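Down below is the structure, laid out as C-alpha coordinates.
Along the sequence shown, residues are numbered consecutively beginning with 1. Any value given below was found using the heavy atoms of this structure, including those in side chains, with hydrogens, waters and symmetry copies removed. Because the structure is a prediction, the values reported are computed rather than measured.
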Amino acid sequence: MTMADHLPLVTGALRSPFKRPRQDADFPRTRLVRSGVRVDLDRLTAYERVCGFPTGDDDLPLTYPHVLAFPLAMRLMGGRDFPLPLLGLVHTSIELTRHTALSATGEYELAVHITGLAPHRRGTEATVVTEALAGGEVVWESRSTYLARHQTDGVPQAGSEEHRSLRTGDAPQARPEEHTPPRRTGDAPPPGPEEHTPPHTGDAPPPGPEEHTPPHTGDAPPPGPEEHTPPRPSDAPPPWPQERKPLPPRTEWRLGADIGRRYAAVSGDRNPIHLHPLTARLFGFPRPIAHGMWTVARCLAAHGTPEAVLVRAEFRAPVPLPGTVEYATEGGRFELRRGDRLHVSGTVQPLALRARR
(Lines give C-alpha, C1' and ligand atoms only; values in the text may rest on other atoms or scores of the structure.)
Protein backbone atom coordinates (compact mmCIF):
# COMPACT_ATOMS: atom_id res chain seq x y z
CA MET A 1 0.00 0.00 0.00
CA THR A 2 1.58 3.25 -1.16
CA MET A 3 1.42 6.65 0.49
CA ALA A 4 -0.88 7.73 -2.34
CA ASP A 5 -3.25 4.97 -1.28
CA HIS A 6 -3.42 6.49 2.21
CA LEU A 7 -4.60 9.87 0.92
CA PRO A 8 -8.31 8.93 0.56
CA LEU A 9 -8.28 7.83 4.21
CA VAL A 10 -6.73 11.13 5.27
CA THR A 11 -9.07 13.30 3.21
CA GLY A 12 -12.07 11.16 4.13
CA ALA A 13 -11.28 11.55 7.82
CA LEU A 14 -10.85 15.32 7.46
CA ARG A 15 -14.16 15.66 5.64
CA SER A 16 -16.09 13.50 8.09
CA PRO A 17 -16.95 16.22 10.66
CA PHE A 18 -18.45 18.40 7.92
CA LYS A 19 -20.77 15.74 6.48
CA ARG A 20 -24.37 15.60 7.64
CA PRO A 21 -25.80 12.20 6.68
CA ARG A 22 -29.42 12.11 5.50
CA GLN A 23 -31.59 9.20 4.50
CA ASP A 24 -32.58 10.95 1.26
CA ALA A 25 -29.00 11.82 0.26
CA ASP A 26 -27.69 11.12 -3.21
CA PHE A 27 -24.64 8.92 -3.74
CA PRO A 28 -21.88 8.69 -6.38
CA ARG A 29 -22.53 6.38 -9.36
CA THR A 30 -18.81 6.17 -10.02
CA ARG A 31 -17.23 2.77 -10.64
CA LEU A 32 -13.56 2.69 -9.66
CA VAL A 33 -11.40 0.21 -11.55
CA ARG A 34 -7.85 -1.02 -11.30
CA SER A 35 -6.37 -3.45 -13.81
CA GLY A 36 -3.27 -5.60 -13.85
CA VAL A 37 -3.45 -6.51 -10.16
CA ARG A 38 -1.06 -9.19 -8.98
CA VAL A 39 -0.61 -10.57 -5.46
CA ASP A 40 2.50 -10.10 -3.33
CA LEU A 41 3.04 -13.71 -2.27
CA ASP A 42 5.02 -12.85 0.86
CA ARG A 43 2.25 -10.60 2.13
CA LEU A 44 -0.31 -13.23 1.22
CA THR A 45 1.55 -15.76 3.36
CA ALA A 46 1.61 -13.32 6.27
CA TYR A 47 -2.15 -12.78 5.91
CA GLU A 48 -2.79 -16.52 5.84
CA ARG A 49 -0.82 -17.01 9.05
CA VAL A 50 -2.66 -14.25 10.92
CA CYS A 51 -6.09 -15.51 9.84
CA GLY A 52 -5.42 -19.24 10.24
CA PHE A 53 -5.52 -20.26 6.57
CA PRO A 54 -3.06 -22.91 5.36
CA THR A 55 -0.03 -21.31 3.72
CA GLY A 56 1.35 -22.12 0.31
CA ASP A 57 -1.94 -23.01 -1.40
CA ASP A 58 -2.17 -22.32 -5.12
CA ASP A 59 -5.43 -20.37 -4.67
CA LEU A 60 -6.34 -17.24 -2.72
CA PRO A 61 -8.37 -17.45 0.50
CA LEU A 62 -12.00 -16.44 -0.04
CA THR A 63 -11.58 -13.19 1.92
CA TYR A 64 -8.33 -12.01 0.33
CA PRO A 65 -9.76 -10.11 -2.68
CA HIS A 66 -11.52 -7.87 -0.14
CA VAL A 67 -8.08 -6.93 1.18
CA LEU A 68 -6.80 -6.19 -2.32
CA ALA A 69 -9.78 -3.97 -3.17
CA PHE A 70 -10.13 -2.18 0.15
CA PRO A 71 -8.09 0.84 -1.03
CA LEU A 72 -10.52 1.35 -3.92
CA ALA A 73 -13.43 1.23 -1.50
CA MET A 74 -11.73 3.80 0.72
CA ARG A 75 -11.11 6.04 -2.27
CA LEU A 76 -14.82 5.90 -3.10
CA MET A 77 -16.15 6.34 0.45
CA GLY A 78 -13.60 9.01 1.31
CA GLY A 79 -14.60 11.13 -1.67
CA ARG A 80 -16.29 14.50 -1.52
CA ASP A 81 -19.47 13.19 -3.19
CA PHE A 82 -19.99 10.28 -0.76
CA PRO A 83 -22.62 11.63 1.67
CA LEU A 84 -21.74 9.60 4.77
CA PRO A 85 -18.79 10.42 7.06
CA LEU A 86 -15.98 7.91 6.70
CA LEU A 87 -15.15 8.09 10.39
CA GLY A 88 -17.66 6.11 12.40
CA LEU A 89 -19.00 3.99 9.55
CA VAL A 90 -20.03 0.59 10.91
CA HIS A 91 -19.42 -2.53 8.80
CA THR A 92 -22.62 -4.44 9.52
CA SER A 93 -22.57 -7.34 7.05
CA ILE A 94 -20.75 -8.89 4.12
CA GLU A 95 -21.71 -11.31 1.37
CA LEU A 96 -18.89 -13.08 -0.48
CA THR A 97 -19.38 -15.00 -3.74
CA ARG A 98 -16.63 -17.01 -5.42
CA HIS A 99 -17.54 -18.50 -8.79
CA THR A 100 -14.26 -20.34 -9.29
CA ALA A 101 -10.88 -20.60 -7.60
CA LEU A 102 -8.60 -17.55 -7.88
CA SER A 103 -4.98 -18.42 -8.52
CA ALA A 104 -2.48 -16.74 -6.22
CA THR A 105 -0.30 -16.04 -9.24
CA GLY A 106 -3.08 -14.76 -11.51
CA GLU A 107 -3.72 -11.26 -12.77
CA TYR A 108 -6.98 -9.53 -11.91
CA GLU A 109 -9.03 -6.43 -12.48
CA LEU A 110 -10.73 -4.97 -9.40
CA ALA A 111 -13.84 -2.78 -9.47
CA VAL A 112 -15.84 -1.08 -6.72
CA HIS A 113 -19.13 0.82 -6.84
CA ILE A 114 -22.02 1.81 -4.57
CA THR A 115 -25.43 0.34 -5.38
CA GLY A 116 -27.44 2.63 -3.13
CA LEU A 117 -28.31 4.11 0.23
CA ALA A 118 -31.12 2.79 2.39
CA PRO A 119 -32.87 4.03 5.54
CA HIS A 120 -32.05 2.14 8.72
CA ARG A 121 -33.63 2.45 12.12
CA ARG A 122 -30.31 3.83 13.43
CA GLY A 123 -29.33 5.96 10.47
CA THR A 124 -28.42 5.39 6.82
CA GLU A 125 -26.87 2.30 5.29
CA ALA A 126 -24.69 2.17 2.16
CA THR A 127 -24.14 -0.96 0.07
CA VAL A 128 -20.72 -1.30 -1.56
CA VAL A 129 -20.11 -3.92 -4.25
CA THR A 130 -16.63 -5.18 -5.13
CA GLU A 131 -15.74 -7.39 -8.09
CA ALA A 132 -12.62 -9.28 -9.15
CA LEU A 133 -12.41 -10.14 -12.84
CA ALA A 134 -10.10 -12.51 -14.70
CA GLY A 135 -10.08 -12.51 -18.48
CA GLY A 136 -13.02 -10.11 -18.48
CA GLU A 137 -15.18 -12.46 -16.39
CA VAL A 138 -16.33 -11.86 -12.81
CA VAL A 139 -14.78 -14.63 -10.71
CA TRP A 140 -15.35 -13.15 -7.23
CA GLU A 141 -17.65 -10.49 -5.81
CA SER A 142 -18.69 -9.09 -2.46
CA ARG A 143 -21.50 -6.93 -1.11
CA SER A 144 -20.83 -5.03 2.12
CA THR A 145 -23.20 -2.84 4.10
CA TYR A 146 -21.90 0.13 6.08
CA LEU A 147 -24.06 2.04 8.56
CA ALA A 148 -23.73 5.73 9.42
CA ARG A 149 -25.48 6.26 12.73
CA HIS A 150 -27.49 9.47 13.09
CA GLN A 151 -30.81 10.67 14.42
CA THR A 152 -33.84 9.41 12.48
CA ASP A 153 -37.57 10.07 12.54
CA GLY A 154 -38.46 6.39 12.57
CA VAL A 155 -37.86 4.49 9.35
CA PRO A 156 -38.28 0.89 8.16
CA GLN A 157 -35.59 -1.45 9.42
CA ALA A 158 -33.05 -2.57 6.84
CA GLY A 159 -34.14 -5.85 5.27
CA SER A 160 -37.91 -5.30 5.58
CA GLU A 161 -40.23 -5.22 2.56
CA GLU A 162 -40.94 -1.52 3.13
CA HIS A 163 -37.21 -0.87 3.43
CA ARG A 164 -36.48 -2.65 0.16
CA SER A 165 -39.15 -0.62 -1.62
CA LEU A 166 -37.34 2.56 -0.55
CA ARG A 167 -33.89 1.33 -1.49
CA THR A 168 -32.02 3.17 -4.21
CA GLY A 169 -30.74 0.77 -6.81
CA ASP A 170 -29.58 2.77 -9.82
CA ALA A 171 -26.83 1.16 -11.80
CA PRO A 172 -23.46 2.88 -11.39
CA GLN A 173 -22.41 5.26 -14.12
CA ALA A 174 -18.73 5.57 -14.85
CA ARG A 175 -16.99 8.87 -15.47
CA PRO A 176 -15.34 8.44 -18.85
CA GLU A 177 -12.31 10.49 -17.95
CA GLU A 178 -11.60 8.55 -14.74
CA HIS A 179 -13.25 5.18 -14.86
CA THR A 180 -14.34 2.35 -17.07
CA PRO A 181 -18.05 1.55 -17.37
CA PRO A 182 -19.50 -1.58 -15.75
CA ARG A 183 -19.15 -4.64 -17.95
CA ARG A 184 -21.15 -7.77 -18.23
CA THR A 185 -19.50 -11.04 -17.35
CA GLY A 186 -17.63 -12.31 -20.34
CA ASP A 187 -16.83 -8.93 -21.90
CA ALA A 188 -13.24 -8.47 -22.83
CA PRO A 189 -11.39 -5.95 -20.67
CA PRO A 190 -10.83 -2.60 -22.39
CA PRO A 191 -7.31 -1.65 -23.36
CA GLY A 192 -5.39 1.16 -21.85
CA PRO A 193 -3.75 2.02 -18.57
CA GLU A 194 -5.47 1.38 -15.27
CA GLU A 195 -7.31 4.31 -13.83
CA HIS A 196 -6.87 3.73 -10.14
CA THR A 197 -4.77 2.02 -7.60
CA PRO A 198 -6.21 0.14 -4.64
CA PRO A 199 -5.99 0.87 -0.94
CA HIS A 200 -6.23 -1.90 1.88
CA THR A 201 -2.81 -2.93 2.76
CA GLY A 202 0.77 -3.35 2.28
CA ASP A 203 -0.08 -6.59 0.58
CA ALA A 204 -1.95 -4.67 -2.01
CA PRO A 205 -0.28 -5.13 -5.41
CA PRO A 206 2.20 -2.59 -6.69
CA PRO A 207 0.44 0.40 -8.22
CA GLY A 208 0.44 0.93 -11.95
CA PRO A 209 0.11 4.25 -13.73
CA GLU A 210 -2.88 6.38 -12.74
CA GLU A 211 -4.57 9.28 -14.46
CA HIS A 212 -5.24 10.93 -11.13
CA THR A 213 -2.48 10.37 -8.63
CA PRO A 214 -3.01 12.13 -5.30
CA PRO A 215 -0.07 13.82 -3.66
CA HIS A 216 1.91 11.68 -1.28
CA THR A 217 1.60 12.26 2.42
CA GLY A 218 3.63 11.15 5.36
CA ASP A 219 0.63 11.11 7.62
CA ALA A 220 -0.38 7.84 9.17
CA PRO A 221 -3.70 6.63 7.69
CA PRO A 222 -6.77 7.52 9.74
CA PRO A 223 -9.32 4.90 10.52
CA GLY A 224 -11.41 3.29 7.83
CA PRO A 225 -14.95 2.17 8.48
CA GLU A 226 -15.48 0.48 11.81
CA GLU A 227 -16.97 -2.96 11.94
CA HIS A 228 -18.82 -2.25 15.18
CA THR A 229 -20.15 0.52 17.35
CA PRO A 230 -18.87 1.15 20.87
CA PRO A 231 -20.79 -0.82 23.48
CA ARG A 232 -23.22 1.14 25.59
CA PRO A 233 -24.34 0.20 29.08
CA SER A 234 -27.96 0.19 27.93
CA ASP A 235 -27.28 -2.14 24.99
CA ALA A 236 -28.37 -5.69 25.69
CA PRO A 237 -26.39 -8.55 24.14
CA PRO A 238 -27.68 -9.39 20.66
CA PRO A 239 -30.42 -12.01 21.11
CA TRP A 240 -30.24 -15.40 19.49
CA PRO A 241 -32.63 -15.66 16.55
CA GLN A 242 -35.87 -16.97 18.01
CA GLU A 243 -36.16 -19.79 15.52
CA ARG A 244 -32.58 -20.99 16.09
CA LYS A 245 -30.67 -22.31 19.03
CA PRO A 246 -26.95 -21.70 19.58
CA LEU A 247 -24.78 -23.92 17.41
CA PRO A 248 -22.71 -26.67 19.06
CA PRO A 249 -19.28 -25.37 20.14
CA ARG A 250 -16.19 -26.74 18.40
CA THR A 251 -13.26 -24.93 19.96
CA GLU A 252 -12.13 -21.89 21.93
CA TRP A 253 -9.73 -19.29 20.61
CA ARG A 254 -7.60 -17.16 22.90
CA LEU A 255 -7.09 -13.83 21.20
CA GLY A 256 -4.01 -11.84 22.15
CA ALA A 257 -4.01 -8.10 22.65
CA ASP A 258 -1.89 -7.75 19.49
CA ILE A 259 -4.25 -9.47 17.03
CA GLY A 260 -5.56 -6.10 15.83
CA ARG A 261 -2.05 -4.82 15.17
CA ARG A 262 -1.06 -8.06 13.46
CA TYR A 263 -4.08 -7.97 11.15
CA ALA A 264 -3.53 -4.28 10.44
CA ALA A 265 0.02 -5.05 9.34
CA VAL A 266 -1.12 -7.59 6.73
CA SER A 267 -4.32 -5.86 5.62
CA GLY A 268 -3.49 -2.15 5.78
CA ASP A 269 -6.61 -1.42 7.85
CA ARG A 270 -5.07 0.61 10.68
CA ASN A 271 -8.24 1.85 12.30
CA PRO A 272 -7.15 2.96 15.81
CA ILE A 273 -10.04 1.10 17.47
CA HIS A 274 -8.17 -2.12 16.69
CA LEU A 275 -4.65 -1.14 17.73
CA HIS A 276 -4.16 0.04 21.32
CA PRO A 277 -6.30 0.69 24.42
CA LEU A 278 -5.53 4.42 24.32
CA THR A 279 -6.55 4.86 20.69
CA ALA A 280 -9.62 2.64 21.14
CA ARG A 281 -10.81 4.79 24.05
CA LEU A 282 -10.80 7.85 21.80
CA PHE A 283 -13.70 6.21 19.93
CA GLY A 284 -15.59 4.96 22.98
CA PHE A 285 -14.17 1.46 23.32
CA PRO A 286 -12.65 0.52 26.70
CA ARG A 287 -10.38 -1.96 24.92
CA PRO A 288 -9.28 -2.48 21.32
CA ILE A 289 -11.55 -4.73 19.28
CA ALA A 290 -10.80 -7.29 16.59
CA HIS A 291 -11.36 -6.37 12.94
CA GLY A 292 -14.68 -7.68 11.68
CA MET A 293 -13.03 -9.03 8.54
CA TRP A 294 -10.48 -10.88 10.67
CA THR A 295 -13.28 -12.61 12.62
CA VAL A 296 -14.95 -13.74 9.39
CA ALA A 297 -11.67 -14.88 7.86
CA ARG A 298 -10.77 -16.83 11.01
CA CYS A 299 -14.17 -18.55 11.06
CA LEU A 300 -13.95 -19.47 7.36
CA ALA A 301 -10.40 -20.79 7.80
CA ALA A 302 -11.77 -23.16 10.46
CA HIS A 303 -14.97 -24.02 8.61
CA GLY A 304 -13.56 -24.47 5.12
CA THR A 305 -15.24 -23.41 1.87
CA PRO A 306 -15.90 -25.17 -1.44
CA GLU A 307 -14.37 -23.79 -4.61
CA ALA A 308 -17.63 -22.12 -5.71
CA VAL A 309 -19.39 -20.68 -2.68
CA LEU A 310 -21.69 -18.00 -1.28
CA VAL A 311 -20.94 -16.78 2.28
CA ARG A 312 -23.13 -14.40 4.24
CA ALA A 313 -21.98 -12.98 7.58
CA GLU A 314 -23.32 -10.39 10.02
CA PHE A 315 -21.22 -8.47 12.53
CA ARG A 316 -23.42 -8.39 15.63
CA ALA A 317 -21.14 -7.23 18.45
CA PRO A 318 -17.47 -6.21 18.85
CA VAL A 319 -14.85 -8.71 20.02
CA PRO A 320 -12.74 -7.06 22.78
CA LEU A 321 -9.00 -7.79 22.89
CA PRO A 322 -7.51 -9.67 24.57
CA GLY A 323 -10.12 -12.30 25.25
CA THR A 324 -11.44 -15.78 24.64
CA VAL A 325 -14.18 -16.57 22.14
CA GLU A 326 -15.99 -19.76 21.21
CA TYR A 327 -16.23 -20.93 17.63
CA ALA A 328 -19.37 -22.94 16.88
CA THR A 329 -20.56 -24.58 13.69
CA GLU A 330 -23.05 -27.05 12.33
CA GLY A 331 -23.64 -27.86 8.69
CA GLY A 332 -23.32 -24.68 6.67
CA ARG A 333 -23.66 -22.29 9.62
CA PHE A 334 -21.04 -20.79 11.93
CA GLU A 335 -20.94 -18.46 14.92
CA LEU A 336 -18.41 -16.64 17.04
CA ARG A 337 -19.59 -15.94 20.57
CA ARG A 338 -18.59 -15.36 24.16
CA GLY A 339 -21.04 -16.82 26.64
CA ASP A 340 -24.50 -15.58 25.66
CA ARG A 341 -23.11 -12.75 23.54
CA LEU A 342 -23.15 -13.42 19.81
CA HIS A 343 -20.41 -11.61 17.90
CA VAL A 344 -20.56 -13.00 14.35
CA SER A 345 -23.03 -15.30 12.60
CA GLY A 346 -22.84 -16.62 9.08
CA THR A 347 -23.72 -19.24 6.49
CA VAL A 348 -21.70 -21.12 3.87
CA GLN A 349 -23.61 -22.23 0.77
CA PRO A 350 -22.02 -24.27 -2.06
CA LEU A 351 -22.67 -23.04 -5.62
CA ALA A 352 -22.51 -24.70 -9.00
CA LEU A 353 -18.91 -24.52 -10.22
CA ARG A 354 -18.38 -22.27 -13.20
CA ALA A 355 -16.35 -23.85 -15.98
CA ARG A 356 -12.90 -22.32 -16.38
CA ARG A 357 -11.95 -20.83 -19.71
Can you classify the ring geometry of Y47 versus Y64 as parallel (below 30°), tilted (30 to 60°) or perpendicular (above 60°)?
perpendicular

Pairing residues for T279 by the side chain to side chain donor-acceptor pair (under 3.5 Å) criterion, not counting sequence neighbours:
none

Path from V50 to L255 over hydrophobic side-chain contacts below 4.5 Å
yes

I need the E125 CD to T145 OG1 distance, nearest 0.5 Å.
4.0 Å

Honestly curious: do L275 and V266 fall in one hydrophobic cluster under the side-chain, below-4.5 Å linking rule?
no

Taking C-beta and beyond as the side chain, do H274 and F285 meet within less than 4.5 Å on heavy atoms?
no

Show your working on side chain to side chain contact (heavy atoms under 4.5 Å, CB included) between L102 and D59 and close with a plain yes or no.
CA-CA 5 Å; L102 280 68; D59 300 321; 5.9 Å; no

Side chains of S345 and E335: donor-acceptor distance under 3.5 Å anywhere?
no

Quick one: side chain to side chain donor-acceptor pair (under 3.5 Å) partners of T97, sequence neighbours excluded?
none

Going through the distances and angles, do W294 and R262 end up as a side chain to side chain contact (heavy atoms under 4.5 Å, CB included)?
CA-CA 10 Å; W294 178 85; R262 291 173 58 202; over 6 Å; no

Residues 90-100 vs salt bridge (charged side-chain N to carboxylate O under 4.0 Å, His left out), sequence neighbours excluded, gives E95-R312

Got a sec, which residues hit salt bridge (Lys or Arg N to Asp or Glu O under 4.0 Å) with R261, two or more places apart in sequence or on another chain?
none

Roughly how far, to the nearest 0.5 Å, is OG1 of T305 from CG of L62?
5.0 Å

Please report the C-alpha distance between E307 and T100 in whole Å, then the side-chain angles of each, then the deciding distance to 0.1 Å, and finally whether the side chain to side chain contact (heavy atoms under 4.5 Å, CB included) criterion is met.
CA-CA 6 Å; E307 183 173 341; T100 188; 3.4 Å; yes

Whether the T55 and T45 side chains hold a donor-acceptor pair (N or O, under 3.5 Å, no angle test) is what I'd like checked.
no

Check the side chains of S144 and H91 for a donor-acceptor pair under 3.5 angstrom, ignoring hydrogens and angles.
yes

Calculate, to the nearest 0.5 Å, the distance between atoms NE2 and CD1 belonging to H343 and I289 respectively.
10.5 Å

Any side-chain heavy-atom pair of C51 and T63 under 4.5 Å
no

Please determine whether residues V67 and V129 belong to a single hydrophobic cluster, defined as Ile, Leu, Val, Met, Phe, Trp and Tyr linked transitively by side-chain heavy-atom distances below 4.5 Å.
no

Sequence neighbours excluded, the answer for side-chain contact (heavy atoms from CB on, under 4.5 Å) partners of P350 is P306

Got S142 and L96 here, is their nearest side-chain heavy-atom distance under 4.5 Å?
yes

Give me the other members of the hydrophobic cluster that L310 sits in, counting Ile, Leu, Val, Met, Phe, Trp and Tyr linked by side-chain heavy atoms under 4.5 Å, directly or via other members.
L351

What distance do E48 atom CD and L41 atom CG have between them, rounded to the nearest 0.5 Å?
9.0 Å

About how many Å separate CD of E314 and OG1 of T347, when rounded to the nearest 0.5 Å?
9.0 Å

Rounded to the nearest 0.5 Å, the CG atom of L72 sits from the OG1 atom of T130 at a distance of 8.0 Å

Sorted by chain and residue number, the side-chain contact (heavy atoms from CB on, under 4.5 Å) partners of A301 (sequence neighbours excluded) come out as F53, R298

Test of understanding: with side chain to side chain donor-acceptor pair (under 3.5 Å), list the residues that count as partners of E107, not counting sequence neighbours.
R38

Set of side chain to side chain donor-acceptor pair (under 3.5 Å) partners for T105, sequence neighbours left out
S103

Whether the E131 and H113 side chains hold a donor-acceptor pair (N or O, under 3.5 Å, no angle test) is what I'd like checked.
no

Take F315 and H291, measure what side chain to side chain contact (heavy atoms under 4.5 Å, CB included) needs, and give me the verdict at the end.
CA-CA 10 Å; F315 305 112; H291 292 75; over 6 Å; no

Is any side-chain heavy atom of M77 closer than 4.5 Å to a side-chain heavy atom of V128?
yes

Below 4.5 Å, heavy atoms only, C-beta onward: do V39 and L68 meet side chain to side chain?
yes

N/O donor to acceptor pairs below 3.5 angstrom from side-chain atoms of residues 318-332, sequence neighbours left out:
unit_1, atom_1, unit_2, atom_2, d
E326, OE1, R337, NE, 2.9
E326, OE1, R337, NH2, 3.2
Y327, OH, H303, N, 3.4
T329, OG1, R333, O, 2.7

